[in-house]
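Accompanying notes for the structure given below.
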Amino acid sequence: MSVKIQPMVCGWLETAAAGILANEPGRLKLPIPSYLIEHPKGRVIFDTGLHRELQRDSSRIGPLAKAFTIEFHAGEELAGRLAARGVDPSRIDYMINSHLHFDHVGGNADLPNAKLVVQRREWEAGADPDLIRRNGYNRADFDLGHQLQLIDGEQDLFGDGSVVCLPTYGHTAGHQSLRVRTESGEFVMTADSCYMRKVLEEMVLPPFAFSYDAMREVIERYRKMERAGARLIFGHDAAQWRPDGSLAVPLA
Ligand SMILES: [Zn+2]
């Protein structure tokens, strides 16, 4: 059985570092990753990047548009990235959203036939008026009528341990990460439960969180996983990506 990961960058955001890591000076460039996981029993996308409309108009993200400079060009949207790999977006079986922030769900619209796999508590947060306001959730990004698979905690997607959703609550109410086992070993896509290596090593946390205690516990868990040999791919770590948009972490 062979499982393959194809990483894709679906645009970049540039923003004040202090908005991402508390008290951090300067500015940060953030890659917006999406991953295609090919399993003998189905094709999976983990996180879908930015909505293609953001290539020409930032008003879709409302007041957040003031905080972010968007670098996102035609062809870099999820459907374009898939087409360039010879993959028909209508033949993606599952899309897993780590959480419902705009830079993780924008390409959901590009995957008409995928079943949406999300933590139940994140889906419920996406319907809570207070959390919608605090998180800038835009239901037009994710409430698109896809078949839903709401999960509670760890979920082994194909029942063979190769593609497993890991509850990593804290960044948002129901954030999840993805563990993928390939012939080359174990990879964990942390998404925003750990933005970058500095968070892992120095426990520098964002200036906002649903639960800081939960975030710290998750980062301790990642430290153990890495010591045990897992390779971590962080949510928005420019150092893990090359300028041409390929991942610098060896996957084989
Ligand atoms: Zn993010």
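For the single chain, residues carry numbers from 1 onward in sequence order. Note that ligands are numbered from 1 as they come in the structure, with each ligand's atoms numbered from 1 the same way.
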task = Would you confirm whether Thr48, through its side chain, and Val105, through its main-chain N or O, come within 3.5 Å as a donor-acceptor pair?
result = yes
Any donor-acceptor N/O pair, His146 side chain to Lys115 backbone, under 3.5 Å = no
Measuring from the Zn ion (ligand 1), name the closest N, O or S atom belonging to [X].
X      : value
His236 : NE2
Asp192 : OD2
Asp103 : OD2

request  = Answer yes or no for His99: is there an N/O/S atom below the 2.8 Å cut-off from the Zn ion (ligand 1)?
outcome  = no
query = Within less than 2.8 Å of the Zn ion (ligand 1), any N, O or S from His101?
reply = no
ask   = Out of curiosity, Ile45 CD1 to Ser34 OG, how far, rounded to the nearest 0.5 Å?
value =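 Interatomic distance, Ile45 CD1 to Ser34 OG, rounded to 0.5 Å: 5.0 Å.
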key: Residues Arg223, Glu220: salt bridge by 4.0 Å N-O rule   = yes
ask   = Does the salt bridge (charged side-chain N to carboxylate O under 4.0 Å, His left out) test come out yes or no for Lys41 and Asp93, once each step is laid out?
value = CA-CA 9 Å; Lys41 289 189 184 158; Asp93 303 294; over 6 Å; no
